[in-house]
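Note sheet for the following structure.
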Number of protein chains: 2
Amino acid sequence: MSAASVPGSAAWWRGHEERLARRRPHTDGLTLEVVLTEALALVDAEGMDALTVRALATRLGTGSSTLYRHVASRDELLVLLVDAVLGEVRLPDPELPGRERVEQLSTELRRVLRSHPHVVPALSGSPILGPNAMRASACGLDNLLAAGHPPERARAAYLALLDYVLGSVAFDAAAESPGATHDRRPRSDDVFAFGLTTFLDGLERG
Amino acid sequence: MSAASVPGSAAWWRGHEERLARRRPHTDGLTLEVVLTEALALVDAEGMDALTVRALATRLGTGSSTLYRHVASRDELLVLLVDAVLGEVRLPDPELPGRERVEQLSTELRRVLRSHPHVVPALSGSPILGPNAMRASACGLDNLLAAGHPPERARAAYLALLDYVLGSVAFDAAAESPGATHDRRPRSDDVFAFGLTTFLDGLERG
DNA sequence: ACCTGAACACCGTTCAAGT
DNA sequence: ACCTGAACACCGTTCAAGT
């Protein structure tokens, strides 16, 4: 398998845009968009393990081999699914002050991912370089620049913050501190907000 | 499947300890420890997809059904594997000041997980509640208490910090900021250290 | 009682045969 | 040219048959 064909890599995404552009309509009514919409519905409803090529095909009223005319592999499907979810992220109002935008985007990314919890493990499977990821990513970096941090520092802060947000989504259901009891779920958002504030405080005064 | 039997859950871990205690030696020379050691070697060498029950059995010189006498399912194997990896974490010297211990444990956890990169995605699959996880977890909370933070605050900081460390391991190879070029790998440790310092600064002065 | 070969019910993926 | 049923090479897991 050539490097360019690894789903999710930068080279793969470049090839994917090209492929989409020169694609002619299929004779079946099926669109990649419909495939992804239905895949997401299936994952949301029944979990990631339920997203088999066969089950998705059945849901779409075709055979599994038909899906391979829209998607090259299950891995590719997952990569596209992750970016589709990231397409739900609403960017903050650019009129707002930098720090507020940082807080809003972080919280919004977390909200979107938590609304599709079964998709989250797929985030760590491959790089996150799709168009919707890049859109949010560019915004995230801009916000930190707008907050007054020099480029190098803004970039480090952006990357660290992204790790924190993604980590909070991927692991907050997973992690548990010793002596913790019930009702930790309602607190998860509080912990996230606390960590975000703490980090941004350190960034401002550091 | 009863709730108690979900691998990785608190109830499952309790049952597991019991099961281990009353286990009599198997007539084949095989031990759970050997199974896990070999599983980790296989994952490290060939990736998570290569860890099939059949491949592991072959590596151990048996049939796949034999493995089910040591492990109830592949999911259970992954849960045990994660805790085995966490067993490699060395706790910091308790004589050190609180903040230094926090930094050392965070960095050590990251180091261990990065030395088994293919295991990392399995971290987000189930809760992290094994004995080795709890040992490191208790230490993490203690360090923050020792650093002078009241319990509620120490606990929130511990959870946020854990999300950050795990996120940095799970996503730093995955994430990319716009305009980033080559040689980001050597910088990944710098970004982590920056984020850690920033968070702890915010925590001290907040 | 302990062990395990062979079978079961699935997978993702391919491709020859159909239209 | 486009589509897809049927087949291939795998899975995880079970259990009847062996010792």
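So that the names make sense, note that chain A is the first sequence line, chain B the second, and so on, each numbered from 1. For clarity, every value in this text was computed on a predicted model and none was experimentally measured.
Separating the P atom of dT13(C) from that of dA9(C) is a span of 24 Å, rounded to the nearest Å. Taking atom P in both dA6(C) and dC10(C), one finds a spacing of 23 Å when rounded to whole Å. Across dA7(D) and dC3(D), the matching P atoms stand 23 Å from one another, rounded to whole Å.
Other residues, nucleotides and ligands place no more than 12 heavy atoms under 6.0 Å from the CG atom of D49(B).
Phosphate contact (OP1/OP2 of dC2(D), side-chain N/O of T27(A), threshold under 4.0 Å): absent.
dG18(D) is paired with dC2(C) under the Watson-Crick or G-U wobble criterion, all donor-acceptor distances under 3.5 Å. Base pairing of dA7(D): its partner is dT13(C), meeting the Watson-Crick or G-U wobble criterion (both donor-acceptor distances under 3.5 Å).
Atom-to-atom, CZ of R69(A) to P of dT14(C) comes out at 13 Å; the value is rounded to the nearest Å. In this structure, CG of D49(A) is placed 11 Å from P of dT13(D), rounded to the nearest angstrom. Between Y68(A) atom OH and dT4(D) atom P there is a gap of 15 Å when expressed in whole angstrom units.
With respect to the salt-bridge test (charged N to carboxylate O, under 4.0 angstrom), the residues E108(A) and R111(A) qualify. The pair R99(B)-E103(B) meets the salt-bridge criterion, with a side-chain N (NZ, NE, NH1 or NH2) lying under 4.0 Å from an Asp/Glu carboxylate O. With respect to R135(B) and D83(B), no salt bridge is recorded, no charged nitrogen being found less than 4.0 Å from a carboxylate O. Ion pairing of D142(A) with R101(A) is absent here, as no side-chain N (NZ or NE/NH1/NH2) approaches a carboxylate O to less than 4.0 Å.
Nearest to the side chain of S65(B), among dG12(D), dG5(C), dC3(D), sits dG5(C). Checked against dG5(D), dG12(D), dC3(D), the side chain of T52(B) finds its nearest nucleotide in dG12(D).
Each of S64(A) and T66(B) has a nearest nucleotide on DNA chain C; the 5'-most of these lies closest to T66(B).
Here the closest heavy-atom approach between residue L105(A) and residue A136(A) is recorded as CD2-O, 3.7 Å. Contact between F192(A) and S168(A) at its shortest, heavy atoms only, is CD1-OG, 3.4 Å.
Remark: nothing in residues 35-45 of chain B comes within less than 4.0 Å of DNA chain D through any heavy atom.
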